[in-house]
Visitor: 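The structure is given below, and queries will be raised subsequently.
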Amino acid sequence: MFKTQQLILYLGILYSGFAVSQTRIKDAQSKIPVAYATVSFGNGHGIFADDEGMFVFSKKLYPDVDSLFVSALGYKDVSIAANNLSETINLEPYIDQLDEVVINVTINRKFKEETLKPYLDDDYYKCWLPTIESEIAVFFNNTDSQLKQISTVHFPITLESKDWKKRKRSNANKREFSTLFKVKFYKNNNGFPGEALTYDNIVFVATEKHGDAYELDVSKHNLFIPENGFFVSIQVLGYTDKTGKLLPNKKYKEIKTARGIVKIPTNFRPLFPFTDEIETHNTYIKRVFLDNNKWVQFKKGSGIESSLLKSDLTNYGVGLTYKVFKDE
């Protein structure tokens with residue numbers, strides 16, 4: 001079970017022989033911790049800060065890392081030498097961008113609620129295996145000029161409950177999980193995710209008890225659908241403890257083989273079912289730990305190597321519930 005693996009990792013990090021740095025990321029002006037910031041190592045590796053802006057870095061675990069790149073929505077990126085890592089990293093906010101965000105909006109008009117249902121599937125072989133290196137964004141078009149506010153996002157998840165025997169996994173048990181996800185909303189920039197619709201930290205913890213879909217209520221964030229549509233993204237931050245606290249999570253598992261140590265990408269539960277029932281290519285992928293990472297449309301010919309594309313499973317079928325306000 002993953003709890004045992006996390007305990008081993010904790011013990012390894014805290015071992016006295018390791019050169020360990022525990023660092024907190026803060027807002028340079030308010031001194032408030034910046035939760036769930038991304039800490040990239042510049043070579044495709046990285047970790048995340050927790051809800052209190054804390055992360056642990058060890059030169060023993062990452063001996064080849066010279067610099068760390070810290071980023072968070074609404075803040076300027078920071079590059080820091082690994083050997084000069086201090087107890088606190090201050091991030092400067094983009095004041096102009098933050099001032100553009102409407103914090104409190106109340107619409108006193110009648111509305112009707114509409115729902116786009118998610119595409120559900122329990123087949124392991126039709127799923128994206130979440131890793132902490134990838135962020136998945138799904139585009140929602142706006143079909144008319146009526147004012148619309150997002151109420152709930154329906155994230156389909158797969159529990160592997162129907163196909164475990166078919167996969168003949170007699171040597172592995174279905175595992176309980178408690179996984180933290182981060183959700184972002186982006187404006188449509190010429191068909192790709194652009195600026196953020198909100199700078200709020202939106203996260204949720206999914207467990208096997210949530211069934212085939214996680215219902216994320218976002219009504220308090222006052223998210224209105226732009227005229228040219230928007231993107232919603234999901235990114236796994238890692239496993240959590242029983243209280244929902246983010247645990248240290250590595251991008252790779254190191255497996256001993258006859259040929260030496262092999263690095264296997266760490267796949268987190270739950271899985272994301274993909275579908276071939278959507279005609280347009282609405283799903284986009286990016287590698288969050290690569291410098292200058294860019295969004296790539298999830299389709300054949302895009303340079304993405306995936307068994308899902310070979311089976312024409314091109315979209316993560318996220319659902320949406322939104323309010324449609326009547327004209328004044």
Side-chain angles (χ1 to χ4, degrees), residues 36-38 40 46 48 71-74 97 101 116-119 127-143 148 150 152-158 179-204 206 213-216 218 221 223-237 268 270-306 308-309 313-322:
Y36 310 116
T38 301
S40 303
F48 298 103
S71 62
L73 274 180
Q97 291 184 7
V101 178
L116 302 174
K117 294 183 178 180
Y119 291 79
C127 289
W128 177 276
L129 308 181
T131 62
I132 59 175
E133 66 175 352
S134 299
E135 182 178 355
I136 301 175
V138 176
F139 176 66
F140 287 91
N141 193 20
N142 193 356
T143 57
K148 304 179 185 71
I150 306 169
T152 305
V153 183
H154 311 273
F155 291 105
I157 58 180
T158 294
T179 308
L180 185 67
F181 291 97
K182 188 172 186 177
V183 176
K184 301 176 186 176
F185 292 84
Y186 298 103
K187 298 177 182 178
N188 177 13
N189 181 18
N190 296 319
F192 287 85
E195 295 180 9
L197 276 176
T198 176
Y199 292 98
D200 293 341
N201 258 319
I202 304 175
V203 298
F204 69 88
Y214 188 94
E215 313 292 331
L216 179 64
V218 296
H221 298 286
L223 294 164
F224 292 88
I225 300 178
E227 292 183 1
N228 63 342
F230 74 99
F231 291 83
V232 59
S233 81
I234 185 169
Q235 177 185 0
V236 61
L237 299 184
F268 294 83
L271 311 181
F272 296 157
F274 271 51
T275 181
D276 58 0
E277 298 181 29
I278 302 175
E279 294 182 0
T280 55
H281 296 282
N282 295 338
T283 300
Y284 295 71
I285 307 291
K286 78 170 179 177
R287 307 289 185 179
V288 298
F289 289 133
L290 295 180
D291 198 20
N292 298 320
N293 59 82
K294 294 184 179 180
W295 289 102
V296 179
Q297 196 170 25
F298 193 73
K299 64 179 182 180
K300 293 179 180 178
S302 62
I304 298 175
E305 295 292 332
S306 173
L308 296 175
L309 291 179
L313 299 165
T314 57
N315 284 290
Y316 179 39
V318 176
L320 192 71
T321 297
Y322 55 93

Visitor: Test your reading of the model: is there a side-chain donor-acceptor pair from Thr283 to the backbone of Tyr316, 3.5 Å cut-off?
Guide: yes
Visitor: Return the CD1 to CZ distance between Ile225 and Phe140, rounded to the nearest 0.5 Å.
Guide: 8.5 Å
Visitor: Is any side-chain heavy atom of Leu129 less than 4.5 Å from a side-chain heavy atom of Leu271?
Guide: yes
Visitor: For the residue pair Thr158 and Pro270, what are the closest heavy atoms and their distance?
Guide: O-CB, 3.8 Å
Visitor: Are Phe274 and Phe298 near enough that their ring centres are under 6.0 Å apart?
Guide: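 Yes, the ring centres sit under 6.0 Å apart.
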Visitor: Ignoring hydrogens, what is the shortest heavy-atom contact between Asn188 and Asn228? Give both atom names and the distance.
Guide: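 In terms of heavy atoms, the two residues are closest at ND2-O, 2.8 Å.
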Visitor: Please report the shortest heavy-atom distance between Asn142 and Glu227, naming the atom on each side.
Guide: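 Scanning both residues completely, I find the closest heavy atoms to be CB-O, 3.4 Å.
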Visitor: What about Phe48 and Phe289, are their ring centers closer than 6.0 Å?
Guide: yes
Visitor: Quick check against the 3.5 Å criterion: does Ser306 have a side-chain atom that pairs as donor or acceptor with the backbone of Leu308?
Guide: yes
Visitor: For the atom pair NZ (Lys184) and CG (Asp200), what is the distance rounded to the nearest 0.5 Å?
Guide: 13.5 Å
Visitor: To check you understand the geometry: which heavy-atom pair defines the closest contact between Asn189 and Gly194, and what is its length?
Guide: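 Result for this residue pair: CB-CA, 3.8 Å.
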Visitor: Say whether Gln297 and Ser302, considering side chains only, have a donor N or O and an acceptor N or O under 3.5 Å apart.
Guide: no
Visitor: Pick one: which of Trp128, Phe181, Phe155 meets ring pair (Phe, Tyr, Trp, His ring centres under 6.0 Å) with Phe272?
Guide: Phe181
Visitor: Under 3.5 Å, is there a donor-acceptor pair between the side chain of Lys148 and the main chain of Tyr322?
Guide: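 Side chain of Lys148 to backbone of Tyr322, a donor-acceptor pair under 3.5 Å: no, none is there.
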Visitor: Can you find a heavy atom in the side chain of Arg287 that is under 4.5 Å from one in the side chain of Ser134?
Guide: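 Side-chain contact under 4.5 Å: yes.
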Visitor: With a 4.5 Å cut-off on side-chain heavy atoms, are Val183 and Val232 touching?
Guide: yes
Visitor: Between Asn315 (side chain) and Glu277 (backbone), is there a donor-acceptor pair under 3.5 Å?
Guide: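 Not a single qualifying donor-acceptor pair exists.
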Visitor: Quick one: are Pro226 and Leu197 in side-chain contact, heavy atoms under 4.5 Å?
Guide: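 A side-chain contact exists here, since the closest heavy-atom pair is under 4.5 Å.
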Visitor: For a ring pair (Phe, Tyr, Trp, His ring centres under 6.0 Å) with Phe139, tell me which candidate from Phe231, Phe185, Phe230 qualifies.
Guide: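 So the option named by the test is Phe231.
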Visitor: Identify the two heavy atoms, one from Val318 and one from Pro156, that lie closest to each other, and give their separation to 0.1 Å.
Guide: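 Here Val318 and Pro156 meet closest at CA-CD, 3.9 Å.
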Visitor: Begin with the C-alpha distance, continue with both residues' side-chain angles, and end with the deciding distance and a verdict on ring-ring contact (aromatic ring centres under 6.0 Å, His included) for Phe192 and Tyr284.
Guide: CA-CA 8 Å; Phe192 287 85; Tyr284 295 71; 5.3 Å; yes
Visitor: Roughly how far, to the nearest 0.5 Å, is the NZ atom of Lys299 from the OG1 atom of Thr314?
Guide: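 If I round to the nearest 0.5 Å, the distance is 10.5 Å.
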Visitor: Nearest 0.5 angstrom please: Gln235 CD to Glu133 CD, how far?
Guide: 11.0 Å
Visitor: Is there a side-chain contact between Thr131 and Val236 in this structure, where contact means two heavy atoms from C-beta onward sitting under 4.5 Å apart?
Guide: no
Visitor: Any chance you could measure Ile150, atom CD1, to Leu216, atom CG, to the nearest 0.5 Å?
Guide: 10.5 Å
Visitor: Could you measure the distance from the CD atom of Glu135 to the OG1 atom of Thr38? Nearest 0.5 Å is fine.
Guide: 8.0 Å
Visitor: What closest approach, in Å, do Thr152 and Val218 show between heavy atoms, and which atom pair accounts for it?
Guide: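 Looking at all heavy atoms of both residues, the closest pair is N-CG2, 4.3 Å.
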